[in-house]
Protein chains: 2
Amino acid sequence: MKRNRMSLQDIATLAGLTKMTVSRYMRDPSKVSERSRGAIDEVMRQHNYIPNRLPEILSGAGSRTLGVIIPSFRNQIFSDVLEGIQQVAEKHGYQTIIASDNYDPQVGQEKIITLLSYHIDGLLLTGTQHTQTARDYLKTSGIPVAELMEITAEPLDIQVGFDNRQAAFDMTTEFIRRGKQQMVFIGAMDDPRDASRYQGMTQALQRSGLSGQHYLPGAISSMALGRRLFQQIITQHPQTDAIFCTNDDLAMGVLLECQARQIRVPEDIAIAGFHGLDIGSANQQKLASVITPRLEMGQVATGLLIAQLEERRKAGTETVDLGYRLFNGDTL
Amino acid sequence: MKRNRMSLQDIATLAGLTKMTVSRYMRDPSKVSERSRGAIDEVMRQHNYIPNRLPEILSGAGSRTLGVIIPSFRNQIFSDVLEGIQQVAEKHGYQTIIASDNYDPQVGQEKIITLLSYHIDGLLLTGTQHTQTARDYLKTSGIPVAELMEITAEPLDIQVGFDNRQAAFDMTTEFIRRGKQQMVFIGAMDDPRDASRYQGMTQALQRSGLSGQHYLPGAISSMALGRRLFQQIITQHPQTDAIFCTNDDLAMGVLLECQARQIRVPEDIAIAGFHGLDIGSANQQKLASVITPRLEMGQVATGLLIAQLEERRKAGTETVDLGYRLFNGDTL
DNA sequence: TTGAAAGCGCTAACAG
DNA sequence: CTGTTAGCGCTTTCAA
C-alpha cells in the first residue's frame, strides 16, 4: 500500500542482484543467467512491477509515442481518422497522446507545445492551418509532422489527404449537369475544409455562369442543425433547387425536412452530402455524397510517420493524395 | 537545426544566469529580479524553448495526466464520453492519454500497464470488466480509477454510470404494456452492457410469462448491421412484433428495413434503441430510445477523479448513478 | 535574489 | 554474466 512504486532497484535488491541485471532481463531474458532469471521471475511475479518509461525517454531515447490533435471528438469524421491512426500505431508498438483543439488554431498551438513537452516522437495534425508560433516550435523540435485531410502546396513534412476543392467542384458539376441552378452550400465549423469546398462549388457554378448561396453556422454538424438551416434557407431562398452540405449528417437533416414538407427529392430539390457516412448510405433513399478515405488517411499518415522515425531519415516532404469518390445515390 | 532540444541550462547560459533562476522565472516571473527577467525574456523569445515535463514527473511530482481507455473510437457513445472527459480535464489543466482496447479485457490490461508506465495520475476506464492482473496493477499503482457506463456492487474507486439492466427492464415493460409479445434483442459487441440490457429485457418478459430471442453479432453497431440482422430475424422469427436494440444506429437500420418491406411501425413491429442519438431523434418517425447521459458521465467522473487528486485524499469508493430517460417516440 | 548539490529511475558504455 | 559510473533535465532544499 506504499505511495511509491517499485523500482528496478527494489526488484534487484529483493532478488539479490543489481538493477543492471534486472534491466537486461527486462529487455531480453536470455541475456542473464538461468539462475538470475529464476530469481527475478519470482520477485516480479509477486510485486506487479510497473516499468518506468520516463528515465529512458529523458535520456534521449525515443518515446515511441505519437501526438495527435483533432478538432473535436464529436465528429465521426475524426473518429474514423483516429481509428486508422490507432490501428497502425498499435501495430508498430507506438502509443498515442490525443488532444483536441476545438477547431481553434490558437488552442492547437498550446496543445502542440504541451505534446512536445512530453517528448513525442512524431505528431499528426488535422489540416494545414497552424499559427506561426506553432510552426516555429515544430521546426525547432525537429520531429516529423503529418498533416491530414487536406492537400496544400506547402506541407510541413508529410501530408495525407484529398483535394476538397476539386471534390466539391466535381459534385457541383454533377448538380449542374442535372439541371440545377439555384445551389446553396451548408458548412459547419467554417474550417479550411469547409472553405475549400465552398470555393470548389463556387468555381463550378461560375464556369456555368451561375452563383450560389452559403450558410456557415459555425457549429458542429448534426442532423438537427441540417433541419434547422434548411427551414431558414427555404424561407429566405424559396427558389433553391439544390443543397450541398459539408457533411452527411447535415444533408440527412435537410432530406428529412424535405420529406416532412412534401418537397420531392431530387425533383424539386437535389441534395448531396460529404464523406459518405453510414447514415446516408443506409437510408432508404440513398444520399448522394463525396466518399472520403478517412480510415485510410489515418493509416497511411501514421505508417509514413513511423517509417520516417524508424529509418531515422528526415526525408523531404511527402504528399499523398488518397482521392475521393462521387456517389450519386438517389438524391441527385 | 540541432537534434537536441534546448534545456533550461542552455537558456540560462545564454542569459548569463543559472538554470535555477530560469526555473523560478518559468513558474513565476515575479520571483526573479527585473534584470534577470528581461534577459530571460529575450533569450526565450528567440529560441522557442519547449519545457520538459519529464524530469519533474520523474522526481515524483504529479504528471497532471489522466489515462483513458475506451473500447473503440468508432462508436459515438464513447466519443461523447471522451468529449466530456476532455472538457473537464482541460479546465483543470490535465492532459489525457487515450487508448482503445477493442472491447478486449486482455488488451485492456496491456494498455493499463502501458499507461501506468507513463506516470498517469488517474485512470478512466469503460465498464467494470477487468482482468485480475489489471486489478492487481491498479491496486499496486495506488492511483484513483474511475469506471464509467455501468453501476456494479464493487467499484474500484469511483463509478459513474447508470443501471443498464433496469433501463432495459423499463423499456421492455413499456413494450409489453403496449401489447407486444414476441420480442427480439439485438446486441452488438456483446460487452457487459449488452449483457445487462438483455438480462433486463429477459426479466421483464419473464415477469409477464413471456420469453424473447437475442442476436449478438459480435460486431460494432451500425445502421447497415441493423438492416442485415433484421432481414435474418424476420426470416427466422416471422412472428416477431418488437425489436429492442442496444444502440440507436442498429434500431434505425431496423426501422429503415421495415419501411422498405412495408412493415408498419409500431403496429406490426415496435422498435426501440438505446442512447438517444441524434440519428434517431432527428428522424421523421422519432425512434423510441433509452436516453443516456454520455457527456455527463465523462464530465462527472473526471471531476470526481481530479477532486480526489487535488485533495490528495484517497477517499473511499464513490458511486454516482446518473440515470436514464425513456423516450417513447413514434416507434413504440 | 541567486546559486550549488542532490536526486528522481533508467540505460549506455565500460570494466571486471 | 554481472557490476559500476555517469547522465538525461528538471525541482527541492539548503546556503550565500
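Within every chain, numbering begins at 1; the chains are lettered A, B, ... in the order of the sequence lines, protein sequences first and strands thereafter.
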I need the single residue from L138(A), L156(A), L305(A) that forms a side chain to side chain contact (heavy atoms under 4.5 Å, CB included) with L123(A). Which is it? L138(A)
When you measure from the side-chain N and O atoms of T21(A) to the phosphate of dC1(D), is any distance below 4.0 Å, counting only OP1 and OP2? no
Check: H130(B)/E147(B) side-chain N/O donor and acceptor closer than 3.5 Å: yes
Side-chain N or O of S36(A) less than 4.0 angstrom from OP1 or OP2 on dC1(D)? no
Flag side-chain contact, heavy atom, 4.5 Å: T65(B) against Y94(B): no
May I ask you to verify if any side-chain N or O of T18(B) is less than 4.0 angstrom from the OP1 or OP2 atom of dA4(C)? no
Can you check whether I85(A) reaches T96(A) side chain to side chain, under 4.5 Å on heavy atoms? yes
Nucleotide-resolved protein contact map, nucleotides 7-16 of chain D, B/S/- at heavy-atom distance under 4.0 Å: -BBBBBB---
Can you tell which of V43(B), D10(B), I40(B), I11(B) makes a side chain to side chain contact (heavy atoms under 4.5 Å, CB included) with Y49(B)? I11(B)
Start with the C-alpha gap between Q129(A) and E150(A), add the side-chain angles, then the distance that decides, and say whether side chain to side chain contact (heavy atoms under 4.5 Å, CB included) holds. CA-CA 10 Å; Q129(A) 191 188 31; E150(A) 294 171 37; over 6 Å; no
In whole Å, I'd like the distance from the OH atom of Y25(B) to the P atom of dG3(C). 16 Å
Rounded distance (Å) that lies between atom C1' of dC10(C) and atom CD1 of I57(B): 15 Å
Tell me: CG of L17(A) to C1' of dC1(D), nearest whole Å? 11 Å
